Every structure is written in structure tokens, then in C-alpha cells.
*Asks:* 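The following block contains the structure, expressed as C-alpha cells.
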2 protein chains.
Amino acid sequence: MTLERTVMREQIKELIIQRILDGTYKPGDRVVELQLVNELGVSQAPVREALRDLKAMRFVDSEPYRGARVRAVTAEELSETYPVRARLEQLAGELATPCVDDKLLRQLDAELQAMRTAARDRDQHGLLIHDARFHELIVEAAGNSVLLDAWSGLRIEVFTLVSLIKSNLDLAAVANAHLPILDALRQGDPDLVGKEMRAHIESFADLVTGDQR
Amino acid sequence: MTLERTVMREQIKELIIQRILDGTYKPGDRVVELQLVNELGVSQAPVREALRDLKAMRFVDSEPYRGARVRAVTAEELSETYPVRARLEQLAGELATPCVDDKLLRQLDAELQAMRTAARDRDQHGLLIHDARFHELIVEAAGNSVLLDAWSGLRIEVFTLVSLIKSNLDLAAVANAHLPILDALRQGDPDLVGKEMRAHIESFADLVTGDQR
DNA sequence: TCACGGCAGATTATCGATAATCAATAGTCT
DNA sequence: AGACTATTGATTATCGATAATCTGCCGTGA
């Protein structure tokens, strides 16, 4: 995974993702192939392939002969993501519980502490990173690669960021909302972990989509 | 969707998928770019792009400079798919129930009848198509595009086919297993529909993976 | 014999150029 | 004026060729 840093397509892909996440490319913006070709001094082929990957990752939309546009994270898609994510993470919690070990608990605890630190520093981006990683650790621990793929496809980072921005939540509260999950994992009750994870996601769904109705 | 039949990449993609599904390309087989280039009389670019799409669709695996191979549908991946699919379809059933109308019920009934016909004719492939379409109709009816994407990523057709082959199930029984779902939909109880769909998937999981332990 | 280095052959990744297609605008006819 | 067609500029899709990389095989030397 780290051995392929020489493949141009990957570098281009990461550059574009970075620009989408940091706002250089805004939703709806066109991503023009030749423009990147000129800017980066590469050929069109790797740029095209990068864009193709990004389409599969749902970062951009594209149609034949019409090019790629940064996908808007619509309120609709945001609210549609929550129920799917809630069910997948519920399953992840149930599957992961029998597999928890001290190492995982330590890692989760470290992410939680990092979230608290980020919250104290008003560091939205930092909170986002560690929040996403906390959940990812659990999904990985479930040991089901199909589940991991499906979950990864939801682009949690993007939506978590939007959630954070839309809801004027207290960052510390967001961080601490992960505590019940960690506690449940320590208890080792799969169904409880699943319920906590599902409730965790659904509570955010309510907060973010609730104020729009 | 049907207007882009002139884009070569799409045609190549469908050709390869067809060959994977009908067994021309077997799991583990290499899919060599230049070989297709010569055979189809096209350039390398569209072949590469087709393969890139297929990788995103998990039909093939590929690594830089090492090419693409048809992804083996391992028993492990098969059994990992079931729980994920079960939860997603449970959610789909719950969401779809309030949206049920006569048209949908008619379509579902038509697919069910088609499954029965296929079963009578010992037509595994036909059963597979209509089985997949039955489920797809419900997931579409849920009206959640994120859910639809996540579900589509599971490549139901592939796994249903493998399931059918591995389990020496009576095809008619497979067809009729969809009846409780249709009944529940007619009753209009979301939770019941969800439960039926989940149970439907999980029963197949037991049948297919059960005999391997 | 066996480990090692390095040369083919095969294959993928990238390039630069051309063809195909699209979107917008100008021009023509009624 | 309004509707319709032709042209043009911009962009994507495809091509054919070259560079980069991998894999297996062969000879060499201990």
C-alpha cells in the first residue's frame, strides 16, 4: 500500500482529494483534465485514471464527454448516509466485540483522548480525523472485509466534517459521545455495543437533519 | 443510461463482466490489456479504464505493473457478504414499506413468477437474474441512493450465483422463499418487512456456509 | 548444488497527438 | 422576432508509440 508512491495516478488522486477536502475545489466545480495536465506537467492518461477512481469513490460525478465535477455533499445525501452508516456500524460493533483485546482498547482510548485534545483546541479538523479513525478501528476489528469496504465507501470523513460544520455542536460533547461505545466494548456485550454504535450515529443524524425540518 | 453505447470503455467493461460471469475468465485468470487490445482492435486506454472500473466494482484485483486478475469469490468473502447484505436489506425493507404502491407490487409479483418459471425450467441463470432484480426493486423503492450504492457494491448477482451452485437447493424453494417478503409488503408493516428480508438473507447464509463447518 | 546478478520477454504506465463530442454563439430563413 | 442550423472553441475519448517495471531464466562462482 505504501510501496506504490511512484505511480503517478495515485499522487494525482491524492492531490485532488486534498483539494476537495480543503476547499480549493468546491462542490460543483469542474475538474478539467487538460488543466491538471498543464499544471502538473504530466500526460492526460494518469489524470483520467485518477478521475475515474475518484468517481468510483464518489468524490466526483462524471458523464461521457462532459467531464468531472466535484460532487456536492447535499443535505439529502448527508441524511441518507446516516441510516446506512448506523446499520453497518451496529453490525461492526456486534462482530468486533468478541475480538476486542487490550491493544484495540488502548488504541480507541488514544483516539478518544486525541478527540478531547482537539476539542479543547477548537481543532475541528483534528477532531474529525480522530473521530473517523475511532470508528474505523472498530469496523476493522470486526474482521469482515466486505463490511469494511461498504463502510469505507460512505466517505465518513467528508460527512463527519459537514456534520460538524452544520451542527454547532460543542466539540467536547462530540468527543465524549464516544465514551459509551468504549464502555460497552469493555463490558464485552455484542448487542449492547451494536446498540450504542447505532444510537451514536442516529443521534448525530437527528442533530444535523433535525433543524432543517 | 442507454445513450452512451458509443463509449468504448463501457462496451469493453460489459464484455469482460459477461466473460467473468459465464466462466470464460475464471477466478485467478489474468486479464491482459494488450491481449484485449489485439482481440478487439482498440487502443490500450479504454481497456485500462474498463479494468479500472472493474477493480472499483471488485470484479478484478490489480496492482501497479502487475496487471489485473479475476477476483476469486472465496468462501470467506461469500460468508462475509451475507451479514452486510442482511442488514442493508433489512433497512431497505423498512424504508421501502411506506413507499409501496400497486406498481411496485405488480413488478415484484412479476419477478416472483419469473423465478418460478425459471425454477421449473431448471434455469439457474434466469432464476439468478430475477432473484437479484426482486431485491433490487425493493432497495430502489427505499429511495435512499446511498443505500442503493452500498448495496450495489456487494455484487449480489455474483454471490447469488455462487450460492445457487454451492447449495444444491431446490430452485422452486428458492423462488418461493420470496413470498413472505411480498406478503409482508402487502401488509405494510415496515418492521415486519425488514425482519423478513433479513431472515431471508440469513437463511441462505446458513445454507451455504453451514455445510462447510 | 545453490545463491546471486543480470539479461530477455512480457506487460503495464505514461506520453504526445489526433479524432469525436459537446456547449454556446452567430447567422439564416420564415 | 423566433426557430432552426452551421460554426467555432473547449474538452473529452481514443490512438499508436515509448518508457518503466516485473518475472523467469540463464550463466557464473563459491
Side-chain angles (χ1 to χ4, degrees), chain A residues 1-20 23-72, chain B residues 1-20 23-72:
Chain A
M1 264 303 184
T2 329
L3 308 175
E4 54 181 65
R5 278 285 80 75
T6 54
V7 186
M8 222 162 259
R9 157 199 353 137
E10 294 293 329
Q11 302 178 40
I12 297 171
K13 186 163 72 180
E14 285 180 20
L15 175 73
I16 299 175
I17 289 179
Q18 193 184 317
R19 289 186 175 178
I20 290 177
T24 308
Y25 293 155
K26 293 191 172 45
D29 280 1
R30 295 192 56 187
V31 184
V32 180
E33 296 178 3
L34 285 185
Q35 201 170 297
L36 281 164
V37 166
N38 291 329
E39 180 187 340
L40 305 178
V42 299
S43 173
Q44 200 183 345
V47 175
R48 281 179 65 77
E49 304 203 345
L51 286 172
R52 193 138 292 284
D53 280 0
L54 291 175
K55 182 185 180 182
M57 299 168 79
R58 299 164 50 104
F59 275 106
V60 304
D61 255 345
S62 66
E63 285 180 87
Y65 295 105
R66 297 164 135 248
R69 295 177 172 278
V70 176
R71 207 159 195 284
Chain B
M1 266 300 185
T2 329
L3 308 174
E4 54 180 65
R5 278 285 81 73
T6 53
V7 186
M8 224 161 257
R9 149 190 14 126
E10 294 293 329
Q11 300 179 40
I12 297 171
K13 186 162 74 181
E14 285 180 20
L15 175 72
I16 300 175
I17 289 179
Q18 192 184 318
R19 289 187 175 179
I20 290 177
T24 307
Y25 293 155
K26 294 191 172 46
D29 279 2
R30 294 193 56 187
V31 184
V32 180
E33 297 178 2
L34 286 184
Q35 200 170 298
L36 282 164
V37 166
N38 290 329
E39 181 187 341
L40 305 178
V42 300
S43 173
Q44 200 183 345
V47 175
R48 283 178 63 77
E49 304 202 347
L51 285 173
R52 191 138 294 284
D53 280 359
L54 292 175
K55 182 184 179 182
M57 298 168 81
R58 299 163 51 103
F59 275 106
V60 303
D61 254 344
S62 67
E63 283 181 88
Y65 295 107
R66 297 164 138 243
R69 293 176 173 280
V70 176
R71 207 158 194 283

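We use all heavy atoms of the structure for the numbers below, so side chains are in, but hydrogens, waters and symmetry mates are not. None of the values given here were measured: they were computed from a predicted structure. Per chain, numbering begins at 1; letters A, B, ... match sequence-line order.
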*Asks:* Whole angstroms only, please: what is the CD-C1' distance between Gln35(B) and dT11(C)?
*Replies:*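 Rounded to whole Å, this separation is 11 Å.
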*Asks:* How long is the line joining OH of Tyr65(A) and P of dA19(C), in whole Å?
*Replies:*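 After rounding, the reported distance stands at 14 Å.
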*Asks:* Can you check the Glu63(B) CD to dA13(C) P distance for me, whole Å?
*Replies:*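 Glu63(B) atom CD is separated from dA13(C) atom P by 11 Å.
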*Asks:* Are Glu10(A) and Lys13(A) ion-paired here, with the side-chain N under 4.0 Å from a carboxylate O?
*Replies:*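 Judged by the 4.0 Å cut-off on N to carboxylate O distance, Glu10(A) and Lys13(A) do form a salt bridge.
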*Asks:* From CG of Leu34(B) over to C1' of dA19(D), roughly how many Å is that when rounded to an integer?
*Replies:*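 Whole-Å distance recorded here is 14 Å.
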*Asks:* Decide salt bridge (Lys or Arg N to Asp or Glu O under 4.0 Å) for Glu49(A) and Arg9(B); before the verdict, give the C-alpha distance in whole Å, the side-chain angles of both, and the deciding distance to 0.1 Å.
*Replies:* CA-CA 12 Å; Glu49(A) 304 203 345; Arg9(B) 149 190 14 126; over 6 Å; no
*Asks:* Rounding to a whole Å, what distance do you find between Glu33(B):CD and dA17(D):P?
*Replies:*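 From Glu33(B) CD to dA17(D) P: 17 Å.
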*Asks:* If you round to the nearest 0.5 Å, how far is CD of Glu33(B) from CD1 of Ile12(B)?
*Replies:*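 With rounding to 0.5 Å, CD1 (Ile12(B)) is 10.5 Å from CD (Glu33(B)).
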*Asks:* Can you tell me how far the CD1 atom of Ile20(B) sits from the OH atom of Tyr25(B), to the nearest 0.5 Å?
*Replies:*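 With rounding to 0.5 Å, CD1 (Ile20(B)) is 8.5 Å from OH (Tyr25(B)).
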*Asks:* Mapping Ala45(A) and Ala68(A) onto DNA chain D by nearest heavy atom, which one lands closer to the 5' end?
*Replies:*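 It is Ala68(A) whose nearest nucleotide is closer to the 5' end.
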*Asks:* For Arg30(A) and dT12(D), is the shortest distance between a side-chain N/O and OP1 or OP2 below 4.0 Å?
*Replies:*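 Answer yes for this pair, as a side-chain N or O of Arg30(A) is under 4.0 Å from OP1 or OP2.
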*Asks:* Using a strict heavy-atom distance below 4.0 Å, which residues from residues 46-55 of chain B are in contact with DNA chain D?
*Replies:*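 Heavy-atom contacts with DNA chain D come from Pro46(B).
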*Asks:* It should be established whether Arg9(A) places a side-chain nitrogen or oxygen under 4.0 Å from OP1 or OP2 of nucleotide dA13(C).
*Replies:*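 It does, given that an N or O in the side chain of Arg9(A) lies less than 4.0 Å from OP1 or OP2 of dA13(C).
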*Asks:* Would you say the side chain of Leu51(A) lies within less than 4.5 Å of the side chain of Ile16(A), judging by non-hydrogen atoms?
*Replies:*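 With C-beta onward as the side chain, the pair touches.
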*Asks:* In whole angstrom, give the distance that lies between atom CG of Leu36(B) and atom P of dG16(D).
*Replies:*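 For the pair Leu36(B) CG and dG16(D) P, the rounded distance is 16 Å.
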*Asks:* Please determine if a side-chain N or O atom of Arg66(B) lies less than 4.0 Å away from the OP1 or OP2 oxygen of dT23(D).
*Replies:*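 Yes, Arg66(B) has a side-chain N/O under 4.0 Å of OP1/OP2 on dT23(D).
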*Asks:* For the side chain of Lys55(A) and the backbone of Asp61(A), is there at least one donor-acceptor N/O pair under 3.5 Å apart?
*Replies:*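 Such a contact is absent between Lys55(A) side chain and Asp61(A) backbone.
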*Asks:* Salt-bridge test for Arg69(B) and Asp29(B): reply yes if a basic N is under 4.0 Å from a carboxylate O, no otherwise.
*Replies:*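 Judged by the 4.0 Å cut-off on N to carboxylate O distance, Arg69(B) and Asp29(B) do not form a salt bridge.
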*Asks:* Rounded to whole angstrom units, what separation is found between the CD atom of Gln44(B) and the P atom of dT14(D)?
*Replies:*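 Rounded to the whole Å, the gap is 14 Å.
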*Asks:* Whole angstroms only, please: what is the CG-P distance between Asp61(A) and dT12(D)?
*Replies:*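 Computing the Asp61(A):CG to dT12(D):P distance gives 15 Å.
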